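None of these values were measured; they are calculated from a predicted model.
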Amino acid sequence: MKILNNLLEKDYRIAEKRKVIFVIPLVIVVVAAILMVVFNFTLGSPLNLGTDFTGGYSIDVKLGNKLTDENYDEYCRRIEDVMSVVEDEDGKSYSIKVENMQKQGSGDSSAIHVKYPAVKGVSETEMIDVVNPAIRRALENDILMLIPDVVIEANTIKLTYSEVLVEPAVIEQRKVFVAALSALNDEHSAGIVLDGDAETAITLSETDNKTLIVKCSAVGDTEEVKSAIADAMRINDIYSGSVSQGDLVGATVSTELLFNAILAVSLALVFMLCYIGLRFQLSSGLACIIALFHDIIIMLCAMAIFRIEINNTFIAALITILGYSINNSIIIFDRVRENRNSIFAKNMTPEEIANKSIRETILRSINTTITTLIMMLMVAIIGVADIRIFAFPIIIGLIAGTFSSICIAPSLWALFQRVGKNKDKSNFNVKKKEVKAKTDKDVKAIA
């Protein structure tokens, strides 16, 4: 710890290195701008805007007690796979990109809420009348259907399902098997002949209540036959699941709301400038505001570079970081004011005052940032997807805010002080020349 304190208290002359400090965010902005241009041509959008900004559709896959914390990720993967290859009734394929999935409810009301944007080039009417119904059918057929594992042993077919079968399902599956029997024999040369009538030949296993046992006089044991039987004997799991029709999701961050958010942030920045200008110096206020703009731009650049979804949680993260960063900057400028008013400041340059203030507050700023970062990293690692989307810009903002409050804001203050002194000196020289010229003129007049 002592070594760390010595490193932090060392005078790194940050204010004098402002050219290098200003280049670092500039490089990040240039890299982000280049990638945004590339993303715009390759992916169709420079930023990964969520449906909160662009609008889109939603659909609920209701699974009830079948949905648990253990199988949630598996269901999400299956839903994503199904929606990526959706086809309408005419066989036209639609590649639906799932934007967000979230577990809702508990117990019997458990469901997965799925949000997805409109397909590029597809009208709203086609999305509502064709694509959304196709998505619903695909999810019902692949997510809610119970597809049996087929095993053929001698003249016995065993159909094992993942769920316990209740009596209505058993009766229904007897009818399905009998109805599909002729098609199985005709199309796949299965040669299946039931050993007796359907009620005696197709029974439910008493050991697990998940296996239908079909006794046959003859059956063809091929992979093609097994696949055909599995497809014919799938069960629509109406007892513990359903899919609601996709609905239109309006852009919650509409043009008006976005304008109001920008207006609110702008007014906050103006009031911050007035407060800091009155309490400290106008140059301190300008330095703080520029540092806050730096934090906003770096957060946007990070979201663009890593293609993180930008939704309404990003606005919340942005406001959080603005408050956090301005607090760090005020701490430093409070120390700048004390050092500037000190009796020793007469022989100190603005850069020396800034560096001294940084040394005296850097340990506090870094300790505060580290403790907050640890919490946010834990949230990002173990949190759900929506929380991770919120945690990422917070983490970037914490790093950017600490950098701007320690390096950028004091360096800008020193620069403004230097410019102000040069201007005052220049004005003084001009006035001195005017006085001298007037004196020479008066002397000539007297002579």
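Between D73 and R77, no side-chain nitrogen of the basic residue sits less than 4.0 Å from a carboxylate oxygen of the acidic one, so the salt-bridge criterion is not met. The pair E352-K356 fails the salt-bridge criterion, with no side-chain N (NZ, NE, NH1 or NH2) lying under 4.0 Å from an Asp/Glu carboxylate O.
Note that the CG atom of N311 and the CG atom of N48 stand 9.5 Å from one another [nearest 0.5 Å]. The distance from the CG atom of L204 to the CD1 atom of I171 is 11.0 Å, given to the nearest 0.5 Å. The CD atom of E124 sits 10.0 Å away from atom CG of D129, with the distance rounded to the nearest 0.5 Å.
Counting only distance, with no hydrogens or angles, the side chain of T361 and the backbone of I332 share no donor-acceptor pair below 3.5 Å. Between the R174 side chain and the I202 main chain, a donor and an acceptor come within less than 3.5 Å of each other. Using modelled atom types, no side-chain atom of R418 and backbone atom of P350 make a donor-acceptor pair closer than 3.5 Å. Not one N or O on the side chain of D90 forms a donor-acceptor pair closer than 3.5 Å with the backbone of K92. With hydrogens and angles disregarded, no donor-acceptor distance shorter than 3.5 Å links the side chain of S227 to the backbone of E223. In terms of modelled atom types and a separation under 3.5 Å, the side chain of D60 and the main chain of K62 share no donor-acceptor contact. No donor-acceptor pair under 3.5 Å is formed between the side chain of E126 and the backbone N or O of V131. With hydrogens and angles disregarded, a donor-acceptor distance shorter than 3.5 Å links the side chain of S404 to the backbone of A400. Panel note: side chain R18, backbone L412; no donor-acceptor pair is recorded below 3.5 Å. A donor-acceptor pair under 3.5 Å links the side-chain atoms of R307 to the main chain of P46, judged by distance alone.
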Checklist entry - Run the side-chain contact (heavy atoms from CB on, under 4.5 Å) check on M303 and L47 step by step: do they pass? => result CA-CA 8 Å; M303 300 295 278; L47 295 171; 5.5 Å; no

Checklist entry - Can you list the steps and then say if Y324 with T372 is a side-chain contact (heavy atoms from CB on, under 4.5 Å)? => result CA-CA 10 Å; Y324 191 94; T372 311; 3.4 Å; yes

Next on the checklist: Between E16 and N355, is the side chain to side chain donor-acceptor pair (under 3.5 Å) condition met? List the steps.
Outcome noted: CA-CA 9 Å; E16 285 90 339; N355 290 332; 2.7 Å; yes

Next on the checklist: Applying salt bridge (Lys or Arg N to Asp or Glu O under 4.0 Å) to R337 and D334, what does each step give before you reach the verdict?
Outcome noted: CA-CA 5 Å; R337 181 184 59 180; D334 184 63; 2.7 Å; yes

Next on the checklist: As a quick check of understanding, evaluate salt bridge (Lys or Arg N to Asp or Glu O under 4.0 Å) for E74 and R78, giving each step before the final call.
Outcome noted: CA-CA 6 Å; E74 175 64 19; R78 289 174 60 187; 5.1 Å; no

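For the pair V150 and L159, the minimum side-chain heavy-atom distance is below 4.5 Å. Side-chain contact between Y116 and I135: present, with at least one pair of heavy atoms (C-beta onward) separated by less than 4.5 Å. F416 places none of its side-chain heavy atoms less than 4.5 Å from the side chain of L282. Using a 4.5 Å cut-off on side-chain heavy atoms (C-beta onward), Q417 and Q281 make contact. Taking 4.5 Å as the limit, some side-chain heavy atom of M233 sits within range of a side-chain heavy atom of L212. Inter-residue side-chain proximity for F314 and E309 is flagged as unmet; no heavy-atom pair is nearer than 4.5 Å. Counting only heavy atoms from C-beta outward, the side chains of V151 and T160 never approach each other to under 4.5 Å. The shortest distance between side-chain heavy atoms of Y75 and L63 falls below 4.5 Å.
Ring planes of F333 and F280: tilted class, angle from 30 to 60°.
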Determine all donor-acceptor pairs shorter than 3.5 Å in which one atom belongs to a side chain in residues 21-40; sequence neighbours excluded.
none

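Counting heavy atoms of neighbouring residues, nucleotides and ligands inside a 6.0 Å radius, atom NZ of K103 exceeds 12 of them. The environment of CD in E89 is sparse: at most 12 heavy-atom neighbours from other residues, nucleotides or ligands sit within 6.0 Å. Enclosure of atom CE in M378 by more than 12 non-hydrogen atoms of other residues, nucleotides or ligands within 6.0 angstrom is indicated.
Closest heavy-atom contact between T368 and R364: OG1-O, 2.8 Å. For the residue pair A228 and L184, the shortest heavy atom distance occurs at CB-CD2, 3.6 Å. Summarising the geometry of Y57 relative to P117, their closest heavy-atom pair is CD1-C, 4.5 Å, with the distance given to 0.1 Å. Across all non-hydrogen atoms, the minimal contact from A134 to D88 is CB-CA, 4.0 Å. Between A409 and A287, the closest heavy-atom pair is O-CB, 3.4 Å. I128 and N132 get closest at one heavy-atom pair: CA-ND2, 3.9 Å.
In summary, of the residues considered (I366, N367, T371, L373), a side-chain contact (heavy atoms from CB on, under 4.5 Å) with T369 occurs for L373 alone.
Side-chain contact, S123 with T125: no donor N or O sits under 3.5 Å from an acceptor N or O.
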